[in-house]
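Reviewing the structure listed below.
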Amino acid sequence: MRMRRMRNLEPRMEKCAAYRIAEPAARKGAWRELMPGAKALWVELGCGKGKFTAETAQANPDVLLIAVERCREAMVVAMEKARDLGLNNVFYIDMDVAGIEDIFAPGEIDRLFINFPDPWPRKKNAKRRLTHRAFLDKYCRVVREGGELHFKTDNAPLFEYSVEEFAACGLEVKNLTRDLHKDGIVGIMTGYEEKFHALGTPINRCEVVCRPFQLPPEPPKASQEEAQEP
């Protein structure tokens with residue numbers, strides 16, 4: 001998520017210090033110590049300004065939720081939401097998703113959320129998509145076998161690409177829909193999701209059952225013409 005640089009970022013971050021995990025690698029394998037009575041550990045990748053994060057934590061007080069967001073300007077807004085609601089079951093990490101195996105132990109996570117990630121539409125940038133098979137391999141190492149990945153996007157090409165990646169990795173897909181809110185609002189919406197739903201944009205969603213798999217070979221590289229797409 002791109003946001004304007006905040007002049008008062010550091011003071012705002014300091015006021016939310018109780019919600020930020022400054023050294024996440026030190027908690028690898030021991031995240032549940034933050035909430036010993038938690039029935040599950042859920043992780044959200046790319047929480048943005050945190051509407052979904054805060055409302056999910058509020059609706060599930062017996063679940064420990066860890067939100068990852070590399071944009072600190074967005075994350076501080078998310079932390080402020082949690083603070084203002086007085087939540088005690090959600091914490092935040094400012095880092096890149098690529099390092100997920102550095103901070104979570106194998107099988108430590110019960111559920112992973114990926115909501116409206118950057119689609120990286122150019123084919124030469126496919127490896128940057130958070131549903132690329134290399135990322136899926138990382139997720140399926142840190143999510144317990146039988147745990148789930150919940151994925152939502154308004155971007156139809158990204159969704160179709162993702163479904164193909166799930167299949168290529170031999171992962172089971174459940175509750176797939178290409179128009180989630182067709183018959184009324186379903187579940188907790190992100191702020192981004194609310195805006196696009198109001199514009200009539202269909203929301204794609206599915207659940208993926210995680211399990212260890214052998215990383216399949218990459219599909220053929222993009223042609224020279226595709227690589228030069230603007």
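The shown structure was predicted, so the numbers you read here are calculated from the model rather than taken from an experiment. Heavy-atom basis, side chains included; hydrogens, waters and symmetry copies ignored.
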Just do the side-chain contact (heavy atoms from CB on, under 4.5 Å) check on Val143 and Arg111 with the steps written out, would you? CA-CA 7 Å; Val143 176; Arg111 181 178 298 175; over 6 Å; no
Just wondering, do Val163 and Phe151 contact through their side chains at under 4.5 Å, heavy atoms? no
Show, in sequence, the C-alpha distance, side-chain angles and deciding distance for Thr53 and Leu65, and conclude whether the side-chain contact (heavy atoms from CB on, under 4.5 Å) test is met. CA-CA 8 Å; Thr53 316; Leu65 179 59; 3.8 Å; yes
Gap separating the OG1 atom of Thr201 from the NE2 atom of His181, nearest 0.5 angstrom: 11.0 Å
If I compare all heavy atoms of Ala82 with all of Val90, which pair ends up nearest, and what's the gap? CB-CG1, 3.8 Å
Give the cluster check for Ile93 versus Phe135: same hydrophobic cluster or not, with ILVMFWY residues linked at side-chain heavy-atom distances below 4.5 Å. yes
Glu108 side-chain N/O to Ala105 backbone N/O, donor-acceptor pair under 3.5 Å: yes
How many angstroms lie between atom CG of Leu149 and atom SG of Cys210, to the nearest 0.5 angstrom? 5.5 Å
Nearest-0.5 Å distance, CD of residue Glu148 to SG of residue Cys206: 10.5 Å
In this structure, would Leu64 and Val43 fall into the same cluster of hydrophobic residues linked by side-chain contacts under 4.5 Å? yes
Could you check whether Arg141 pairs with Asp137 (Lys NZ or Arg NE/NH1/NH2 to Asp/Glu carboxylate O, under 4.0 Å)? yes
Between Asp110 and Arg32, is the closest basic N to carboxylate O distance under 4.0 Å? yes
Return yes if a side-chain donor-acceptor contact under 3.5 Å exists between Glu218 and His132, otherwise no. yes
With heavy-atom distances below 4.5 Å as the criterion, would you say the side chains of Met13 and Met79 are in contact? yes
Check whether any side-chain heavy atom of Ile21 lies under 4.5 Å from a side-chain heavy atom of Arg27, and answer yes or no. yes
Glu80/Lys49 salt bridge by N-O under 4.0 Å criterion: no
Do the side chain of Tyr19 and the main chain of Leu87 share a donor and acceptor less than 3.5 angstrom apart? yes
Does the distance from a Lys or Arg side-chain N to an Asp or Glu carboxylate O, for Lys28 and Asp102, drop under 4.0 Å? no
How far apart are the closest heavy atoms of Lys51 and Gly191, and which atoms are they? CD-N, 3.6 Å
Distance to the ring centre below 6.0 angstrom and angle to the axis at most 45 degrees; does that hold for Arg129 and Tyr161? yes
Indicate yes or no: at least one non-hydrogen side-chain atom of Cys169 is less than 4.5 angstrom from one of Pro216. yes
Straight-line distance of Leu112 CG to Leu45 CG, nearest 0.5 Å: 4.5 Å
Is any side-chain heavy atom of Val209 closer than 4.5 Å to a side-chain heavy atom of Leu171? no
Say you draw a straight line from CG of Asn155 to CZ of Phe116; how long is it, rounded to the nearest 0.5 Å? 10.5 Å
Taking all heavy atoms of Arg133 and all of Ala168, pick out the closest pair and write down the distance. NH2-CB, 3.7 Å
Answer yes or no: is there a donor N or O on one side and an acceptor on the other, between the side chain of Trp31 and the main chain of Ile66, under 3.5 Å? no
Report the C-alpha distance between Arg12 and Val77 in whole Å, list the side-chain angles of each, state the deciding distance to 0.1 Å, and finish with yes or no for side-chain contact (heavy atoms from CB on, under 4.5 Å). CA-CA 9 Å; Arg12 289 174 66 176; Val77 175; 3.9 Å; yes
Interatomic distance, CG@Asn125 vs NZ@Lys123, rounded to 0.5 Å, equals 13.0 Å
Using modelled atom types only, decide if a donor and an acceptor are shared between the side chain of Asp62 and the backbone of Ala38 within a distance under 3.5 Å. no
Out of curiosity, does Val63 fall in the hydrophobic cluster containing Leu41 (side-chain heavy atoms, cut-off under 4.5 Å, transitive links)? no
For the pair Glu207 (side chain) and Asn175 (backbone), establish whether a donor and an acceptor sit closer than 3.5 Å, ignoring hydrogens and angles. no
Please state whether the rings of Phe52 and Phe113 are parallel, tilted or perpendicular, taking 30° and 60° as the class boundaries. perpendicular
Do Leu215 and Tyr139 belong together in a cluster built from hydrophobic side chains that touch within less than 4.5 Å? yes
Measuring only between side-chain heavy atoms, which start at C-beta, is Val68 closer than 4.5 Å to Glu44? no
Close side-chain approach of Trp42 and Ile109, heavy atoms under 4.5 Å: no
Flag the pair Pro24 / Phe104 as yes when at least one side-chain heavy-atom distance between them is below 4.5 Å, and no otherwise. no
Carboxylate-amine/guanidinium proximity below 4.0 Å for Lys152 and Glu193: yes
Among the clusters formed by ILVMFWY side chains lying less than 4.5 Å apart, do Tyr92 and Leu34 turn up in the same one? no
Do Glu145 and Arg211 sit within salt-bridge range, that is, some charged N less than 4.0 Å from a carboxylate O? no
What I want to find out is whether Arg20 reaches Asp94 closely enough, with some N-O distance under 4.0 Å, to be called a salt bridge. yes
What verdict does the salt bridge (charged side-chain N to carboxylate O under 4.0 Å, His left out) test give for Glu160 and Arg178, after you've listed the backbone C-alpha separation in whole Å, the side-chain angles of each residue and the deciding distance to 0.1 Å? CA-CA 10 Å; Glu160 299 309 322; Arg178 292 177 174 80; 2.7 Å; yes
Given the rule in the side-chain contact (heavy atoms from CB on, under 4.5 Å) test, do Leu158 and Thr131 qualify, once you have shown the distances and angles that lead to the verdict? CA-CA 9 Å; Leu158 174 63; Thr131 51; 4.0 Å; yes
